[in-house]
Number of protein chains: 2
Amino acid sequence: MDRPNLPLNGLRAFEVAARQGSFTRAAIELRVTQAAVSQQIQRLEDLLGHRLFTRASAGLILTDIGAALHPVLTRNFDEMGEVLDRFHGGRYRETLNLGVVTTFATGWLIPRLEAFEATHPGISLRLFTHNNRIDIAKEGLHMAIRFGDRTAWPWLEAAPLIAAPLTPLCAPDLLPHLQAPPDLAGQRLLRSYRVDEWAGWFAAAGTECPPLEGPVLDSSVALAELAAAGHGVALLPAAMFARQLQAGTLARPFATEIAAGRYWLTWLRGKPPTLAMAQVRAWLLEGAGGQPD
Amino acid sequence: MDRPNLPLNGLRAFEVAARQGSFTRAAIELRVTQAAVSQQIQRLEDLLGHRLFTRASAGLILTDIGAALHPVLTRNFDEMGEVLDRFHGGRYRETLNLGVVTTFATGWLIPRLEAFEATHPGISLRLFTHNNRIDIAKEGLHMAIRFGDRTAWPWLEAAPLIAAPLTPLCAPDLLPHLQAPPDLAGQRLLRSYRVDEWAGWFAAAGTECPPLEGPVLDSSVALAELAAAGHGVALLPAAMFARQLQAGTLARPFATEIAAGRYWLTWLRGKPPTLAMAQVRAWLLEGAGGQPD
DNA sequence: CGCAGGACATAAGCTGAGGTGATGGCATGG
DNA sequence: CCATGCCATCACCTCAGCTTATGTCCTGCG
């Protein structure tokens, strides 16, 4: 049906009446009289050539067809209402729920948050940190930053952020004992749930991989804490720990690093991005720009 | 924004004007005068407290905010238009695009299509056969019937249809030569891309699996054709070939069968099902009902 | 330049879609 | 069997949203 023929007021009246289960209550919600609702819906039914309600003594009951129509309208009116709410008080302000893998949040995003807020006054960013296992739809997020390989989420849209090559990091005290990669054999090598990463690094360093023991953690931040406390050497994305490296709480014994994926900004396919989503994406990509693979 | 305050006519005028890039053309589409469009949009801008267009000499340009608003409205009005189109001519008629894995289509669905059409005059079913590799969103389908295990499509909703245990089928001529499972060793065993299925069947039959040679095909229908033509023995869901078994073009030498998954009706999460989707689902589930696992 | 043409804005007045208010019919329930 | 609570209907009213007419501004062209 083309735009000029859409009976928008009738559809609105129907949506409310179906939701309320009563013309009288619908009239209250719409701030009109019961007669107005009755007439609107009758006109709509005439136009469509179908009854939308069964007028039973026990109240209104949607017909099959009414039941088919109703959720579509509810969704669409809701969505329009939401988008208009962003204009509250003459200012445009949109809330954006962003899932962020903890390492990236602490190592990259949070230090830049203030700059973001300053340049994007129309966006209320709400961060939800996670450990790379996250369901955007279930958590009610608009977008999520995760680490890995985009083939892992074939059903999501994804834009590449910075690469995160891994290199051993340790407490500064350990530096003197780590002159060359084989020296690592004497240390506790801390592991993440990502298998083979140490093997890969030793291969890149041209050294045989010592047997791996010790704890396995699912969080780079926790690994970094352990390493900083002198409890071992962790294979971490150095770029995410620049602050600690600068402050001297962590040290990097070797230049060798291995590619292990990158951070990605992901979001659900299908829905076109909102203004805030587009701006956050542009800002993140710009911040990650110039970064070699 | 609550229902009574939604400026529906203003939003419609804005949507058309933004799409047309001109108030004048929008007025033509809406079958009103240019002045009416101008006023509607001005009222909307006043209400929101923001300009939605930059009135440049080279025509209208959407502001950032206008650009954020527009696609939401386009989608919503389009969707409402679509749902109203189903009422064309006083009758409710909805088109449903259904992907169907070929085996199920020929072995189950197509024989029952006439009954479906008779009991569901309001649904135009359009079938798209596929070989179990199908992207619902990309193909523009509402639902798809596929074979396998629901964990293979974690991002889809899925309802179980009938189970499809596999058993060897062959040309009737071969029956005398197949008295017991070990006799199969002398035959060409036709394979699908699904590995290990013959090994599983021989295990269930308590016989050692002979070495497998011969062609591999990705279609049960093609396997059945080959078997019927006497080119070998295929491991197939007997339920899908009941017609051929009855007609004597295929024969089933052994009772032994193995569970190998079932057919599933799948659809995208998130969007609530339309009336036709609900009815098709109910009909399929009813048809598959009483079927043991 | 100056003028025609085409765009959007504005003003004033009109009109019918959509509202009000009153009433009626028809259930339910104490 | 009356009170109550629905929805339907009717007659009438009113103002949102339209039309018509005109204004302003910019562009392109001879």
Side-chain angles (χ1 to χ4, degrees), chain A residues 1-63 65-66 70 73 77 80 84, chain B residues 1-63 65-66 70 73 77 80 84:
Chain A
M1 183 171 288
D2 59 355
R3 291 294 135 87
N5 289 328
L6 282 180
L8 293 175
N9 292 322
L11 293 173
R12 164 165 52 189
F14 166 69
E15 193 280 329
V16 175
R19 182 155 40 76
Q20 295 280 9
S22 148
F23 289 4
T24 307
R25 284 199 297 278
I28 293 168
E29 174 170 339
L30 288 167
R31 300 199 272 278
V32 295
T33 57
Q34 170 267 124
V37 174
S38 175
Q39 289 171 49
Q40 282 284 1
I41 286 173
Q42 213 136 43
R43 223 173 300 155
L44 182 62
E45 289 178 327
D46 287 351
L47 178 71
L48 299 181
H50 284 272
R51 306 245 88 180
L52 295 168
F53 292 105
T54 305
R55 277 76 164 172
S57 50
L60 295 177
I61 301 172
L62 280 170
T63 59
I65 283 173
H70 183 237
L73 299 177
F77 285 126
M80 291 200 233
L84 292 189
Chain B
M1 183 171 287
D2 59 355
R3 292 292 138 85
N5 289 329
L6 282 181
L8 294 175
N9 292 321
L11 292 173
R12 164 165 54 188
F14 166 69
E15 192 280 330
V16 176
R19 181 154 41 75
Q20 295 280 9
S22 149
F23 288 4
T24 307
R25 283 199 297 278
I28 293 167
E29 174 169 341
L30 288 167
R31 300 200 271 278
V32 295
T33 58
Q34 169 268 126
V37 175
S38 175
Q39 288 170 45
Q40 282 285 1
I41 285 173
Q42 213 136 44
R43 223 173 301 157
L44 182 62
E45 288 179 328
D46 287 351
L47 178 71
L48 299 181
H50 284 272
R51 307 244 90 180
L52 296 168
F53 292 106
T54 306
R55 277 73 164 174
S57 49
L60 295 178
I61 301 172
L62 280 170
T63 60
I65 283 173
H70 183 235
L73 299 177
F77 286 126
M80 291 200 232
L84 292 189

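Each chain gets a letter, A, B and so on, in the order its sequence line appears, and its residues count up from 1.
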Contacting residues from residues 13-25 of chain B, given that a heavy atom lies under 4.0 angstrom of DNA chain C: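 Close to the strand are B:Ser22, B:Phe23, B:Thr24.
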
d([atom1], [X]; [atom2], [N]) in whole Å:
X	N	atom1	atom2	answer
A:Phe53	D:dC7	CZ	C1'	12 Å
A:Arg51	D:dC7	CZ	P	13 Å
B:Glu45	C:dC8	CD	P	13 Å
B:Asn5	D:dA16	CG	P	14 Å
A:Ile28	D:dC6	CD1	C1'	12 Å
B:Gln34	D:dC25	CD	P	16 Å
B:Arg12	D:dG17	CZ	C1'	12 Å
A:Asp46	D:dA8	CG	C1'	13 Å

Between [X] and [N], is there a side-chain N or O to OP1/OP2 distance below 4.0 Å?
X	N	value
A:Arg55	D:dC6	no
A:Thr33	C:dT20	yes
A:Ser38	D:dA8	yes

Indicate yes or no: at least one non-hydrogen side-chain atom of [X] is less than 4.5 angstrom from one of [Y].
X	Y	result
B:Glu45	B:Gln40	no
A:Ile28	A:Gln20	no
B:Thr63	B:His50	no
B:Arg55	B:Leu60	yes

Electrostatic pair B:Arg25-B:Glu29, nearest N-O below 4.0 angstrom: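 No, B:Arg25 and B:Glu29 are not salt-bridged.
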
salt_bridge(B:Asp2, A:Arg31) N-O dist < 4.0 Å: yes

Nearest heavy-atom neighbours spanning B:Leu6 and A:Arg12: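 For B:Leu6 versus A:Arg12, the nearest heavy atoms are O-NH1, 3.0 Å.
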
Nearest heavy-atom neighbours spanning A:Pro7 and A:Leu47: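 The answer is CG-CD2, 3.6 Å.
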
Sugar-phosphate, base or nothing in reach of B:Gln42, heavy atoms under 4.0 Å: sugar-phosphate

Whether A:Phe53 and A:Phe14 hold their rings parallel, tilted or perpendicular, with breakpoints at 30° and 60°: tilted

Letter per nucleotide, 5' to 3', of nucleotides 12-18 of chain C [B base touched, S only sugar-phosphate touched, - untouched; heavy atoms, 4.0 Å]: ------S

